[in-house]
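Worksheet: one structure, shown below.
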Amino acid sequence: MLDLKFVRANLEQVKEMLRLRGYDLDMAGFEELDRQRRAGLAVLEELRHKRNKVSEQIAEMKKRGEDASAIIAEMKQVSSEIKDLEKRVAAVERQLRDLLMLIPNMPHESVPVGEDESHNQEIRVWGEIKEMDFEPRPHWEIGEGLGILDFSRAAKLSGARFALYRGAGALLERALINFMLDIHTKEHGYTEVLPPFMVNRACMTGTGQLPKFEEDLFKVAGWDLYLVPTAEVPVTNIHREEVLREEDLPILYVAYTPCFRSEAGSYGKDTRGLIRQHQFNKVELVKFSKPETSYEELETLTGNAEEILRRLELPYRVVCLCTGDLGFSAAKTYDLEVWLPGQGVYREISSCSNFTDFQARRAGIRFKRKGAKGTELVHTLNGSGLAVGRTVVAILENYQQADGSVVIPKALRPYMNGMERITGQ
RNA sequence: GGAGAGAUGGCCGAGCUGGCUGAAGGCGCUCGCCUGCUAAGCGAGUGUGGGUCGAAAGAUCCACCGAGGGUUCGAAUCCCUCUCUCUCCGCCA
């Protein structure tokens with residue numbers, strides 16, 4: 001959520017931003033709602049002031065044993081006026097808030113302007129794409145061939161967009177989770193957390209999934225609970241409605257969770273394989289930082305995610321999302337895209353964003369500077385470090401051999417009980 | 001699932017026979033004083049959000065004592081609903 005005062009003072013800039021992001025949001029009502037709210041408040045507060053003053057007066061009269069019935073009768077009238085006005089002001093505030101909740105974050109000035117992903121800016125490319133003396137196959141063929149991925153039985157259990165891993169496949173997934181968590185906790189200074197996988201509406205609103213993206217979520221029937229679409233939600237909300245101490249910042253968390261997404265609106269896209277699942281595993285990095293350092297923190301966070309790809313020796317590139325491709329809550333996002341030879345494309349495997357104070361304002365995450373009065377909103381950041389299922393995809397496709405087997409990346413072998421290669425089973 | 005207790009400021013904790021309590025007291029924190037360091041001591045200050053005026057500093061008003069309703073001229077204090085925490089019983093991985 002943007003600051004109301006900011007929107008009021010920079011309305012044209014906000015409208016321009018909406019245009020650049022490709023949002024069709026009518027801001028015409030904003031000024032009128034804002035005006036109504038303030039006008040209503042002025043009258044309301046004056047009435048309340050009167051009520052407070054006269055109430056004091058009544059108390060004094062009663063203490064002296066005087067008769068206050070006339071003045072009480074008059075106040076009865078004022079009280080009902082207040083009640084009416086309160087209802088009307090509350091209604092206007094609700095409309096204003098609803099509108100504000102639909103406005104996306106302001107992109108950082110360094111974000112390239114563009115309508116869609118074709119305008120994303122390539123920042124750097126890492127690793128060498130291996131030449132294969134055979135036609136590389138997509139991961140679903142490799143995985144099914146090795147008996148480590150079983151999509152048809154997964155469909156029997158749960159339908160499309162689910163996967164059943166078995167044997168070395170299941171081990172590979174588990175190994176990657178541990179590998180990633182170990183590097184981020186031991187080498188990058190993150191604290192591991194294991195949050196609930198279901199969260200309430202307040203959490204989803206705090207990080208920006210609600211109210212705008214309800215259809216993307218799985219809701220638990222009969223409960224005020226949603227399955228987490230990313231660990232970003234529970235982990236960022238750890239400090240919801242809290243005042244943090246300056247000396248504790250930045251706070252760095254890493255969490256493994258499964259992620260649940262309805263993938264509404266992506267029918268027909270990536271229907272084969274592990275790329276787009278209703279349930280997938282992810283190791284997520286989350287930071288709470290002071291405003292002045294958040295963009296440096298974004299660089300290091302992105303670097304922390306890249307480190308996993310480097311250790312696994314998977315070729316990738318980093319792109320900066322343009323205004324039209326940027327997520328709702330983000331001010332700046334770097335996507336890490338890993339090379340998939342089976343499909344001959346770079347595919348997103350991590351998305352690292354600075355949300356500035358956008359989520360913090362919604363979620364009430366503040367900090368107090370030493371010696372200063374008052375509190376400030378923190379900046380929140382997060383990034384995948386990495387999406388585990390897609391890492392499996394990348395390993396299967398990049399390390400595939402002509403005979404159908406898959407070599408295990410060296411760094412991962414200790415986590416695979418020393419296994420060097422996955423062969424048919 | 002049944003019975004009971006509770007939810008107050010950054011933290012702890014009074015108030016809860018309605019009015020002078022935005023809230024005692026303590027801790028923490030900030031500034032000043034004092035002390036050759038440290039500790040202790042003394043004084044002052046220290047919640048959040050919003051409206052109005054002001055260039056600003058600030059002034060002033062309103063709201064907020066888990067959340068939402070209600071009673072009342074007036075509610076942290078009374079009533080109702082919900083959420084969460086704790087204790088006991090039952091059930092269960």
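Throughout, protein chains are lettered first and strands after them, A, B, ... in sequence-line order, and every chain is numbered starting at 1. Quick note: numbers below take in every heavy atom, side chains included, and nothing from hydrogens, waters or symmetry partners.
Rounded to an integer number of Å, the gap from CZ of A/Phe6 to C1' of B/rG50 is 20 Å. When rounded to the nearest whole Å, the span between CZ of A/Arg35 and C1' of B/rU52 equals 16 Å. As a whole-Å value, the separation of A/Glu93 CD from B/rG68 P is 13 Å. One can place NZ of A/Lys53 at 12 Å from P of B/rC20, the figure rounded to the nearest angstrom. Per the geometry, CZ belonging to A/Arg37 stands 8 Å off P belonging to B/rG50, to the nearest Å. Here the C1' atom of nucleotide B/rC29 and the CD atom of A/Glu247 are 10 Å apart, to the nearest Å. At whole-Å resolution of the value, CG in A/Leu244 and P in B/rC29 are 18 Å apart. When the P atom of B/rG66 is taken as reference, atom CG of A/Asn200 falls 19 Å away, rounded to whole Å.
Between B/rC61 and A/Arg48, no contact under 4.0 Å exists linking OP1 or OP2 to a side-chain N or O. Considering only side-chain N and O atoms, A/Ser79 lies under 4.0 angstrom from the phosphate OP1 or OP2 of B/rG74. Neither OP1 nor OP2 of B/rG10 sits under 4.0 Å from any side-chain N or O of A/Lys368.
Closest approach of A/Pro229 to A/Phe280, counting heavy atoms only: O-CZ, 4.5 Å. Across all their heavy atoms, A/Gly383 and A/Ser350 have their closest contact at C-OG, 4.5 Å. In terms of heavy atoms, A/Leu298 sits closest to A/Cys352 at CD1-O, 3.6 Å.
Nucleic acid contact for A/Arg245: none, since no nucleic acid atom lies under 4.0 Å from a heavy atom of the residue. Using a 4.0 Å heavy-atom distance criterion, A/Ile58 is classed as a base contact. When heavy atoms are screened at a 4.0 angstrom cut-off, A/Arg8 is found touching the sugar-phosphate backbone but no base atom. Looking at heavy-atom distances under 4.0 Å, A/Lys5 makes contact with sugar-phosphate atoms alone, never a base.
A/His188 and A/Tyr190 have perpendicular rings, their planes meeting at more than 60° on a 0 to 90° scale where under 30° would count as parallel.
Side-chain proximity of A/Asn52 to B/rG50, B/rU72, B/rC62: nearest is B/rC62. Of all nucleotides listed (B/rC73, B/rG10, B/rG51), B/rC73 comes nearest to the side chain of A/Ile72. Side-chain proximity of A/Lys62 to B/rU48, B/rG74, B/rG19: nearest is B/rG19. Among the nucleotides B/rU72, B/rC73, B/rG10, the one closest to the side chain of A/Lys83 is B/rU72. Taking only side-chain atoms of A/Ser55, from C-beta outward, the nucleotide of B/rU52, B/rA63, B/rG19 with the closest atom is B/rG19.
Separation of the P atoms belonging to B/rU85 and B/rG25 is 33 Å when rounded to the nearest angstrom. For B/rG70 and B/rA75, the P atoms lie 12 Å apart once the distance is rounded to whole Å. Across B/rA14 and B/rC73, the matching P atoms stand 33 Å from one another, rounded to whole Å. Taking the P atom of each, B/rU17 and B/rU30 are spaced 39 Å apart, rounded to whole Å. Rounded to the nearest Å, the gap between the C1' atom of B/rA23 and that of B/rU8 is 9 Å. B/rC88 and B/rG28 are spaced 34 Å apart, taking the P atom of each and rounding to whole Å. Here the separation of B/rA39 from B/rC27, taken at their P atoms, is 16 Å to the nearest Å. B/rC33 and B/rG68 have their P atoms separated by 46 Å, given to the nearest Å.
The neighbour count for A/Glu109 CD, taken as heavy atoms of other residues, nucleotides or ligands under 6.0 Å away, does not exceed 12.
Side-chain contact between A/Leu96 and A/Met101: absent, with no pair of heavy atoms (C-beta onward) separated by less than 4.5 Å. Counting only heavy atoms from C-beta outward, the side chains of A/Lys219 and A/Leu225 never approach each other to under 4.5 Å. Residues A/Asn120 and A/Asp335 form no side-chain contact, since every pair of their non-hydrogen atoms from C-beta on lies 4.5 Å or further apart.
Mapping A/Ala59 and A/Asp3 onto RNA chain B by nearest heavy atom places A/Ala59 at the nucleotide closer to the 5' end. Comparing A/His49 and A/Arg38, the nucleotide of RNA chain B nearest to each residue sits closer to the 5' end for A/Arg38.
The side-chain hydrogen bond (donor to acceptor under 3.5 Å, both in side chains) test applied to A/Glu144 returns no partner, not counting sequence neighbours.
For A/Lys63 against B/rC20, a side-chain-to-base donor-acceptor contact under 3.5 Å is present. On a pure distance criterion of 3.5 Å, no polar donor-acceptor pair joins the side chain of A/Glu242 and the base of B/rG10.
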Below 3.5 Å, can you tabulate the donor-acceptor pairs from side chains in residues 70-91 of chain A to any protein atom, sequence neighbours excluded?
from	atom 1	to	atom 2	distance (Å)
A/Ser80	OG	A/Gln77	O	3.1
A/Glu86	OE2	A/Arg48	NH1	2.7

How does RNA chain B look in dot-bracket form if you count Watson-Crick and G-U pairs under 3.5 Å, write [ ] for pairs that cross, and put | where a base pairs with another strand? ((((((((.[[[..)...(.....]]]((((((.......))))))(((((((....))))))).[[[[[..)....]]]]])))))))....

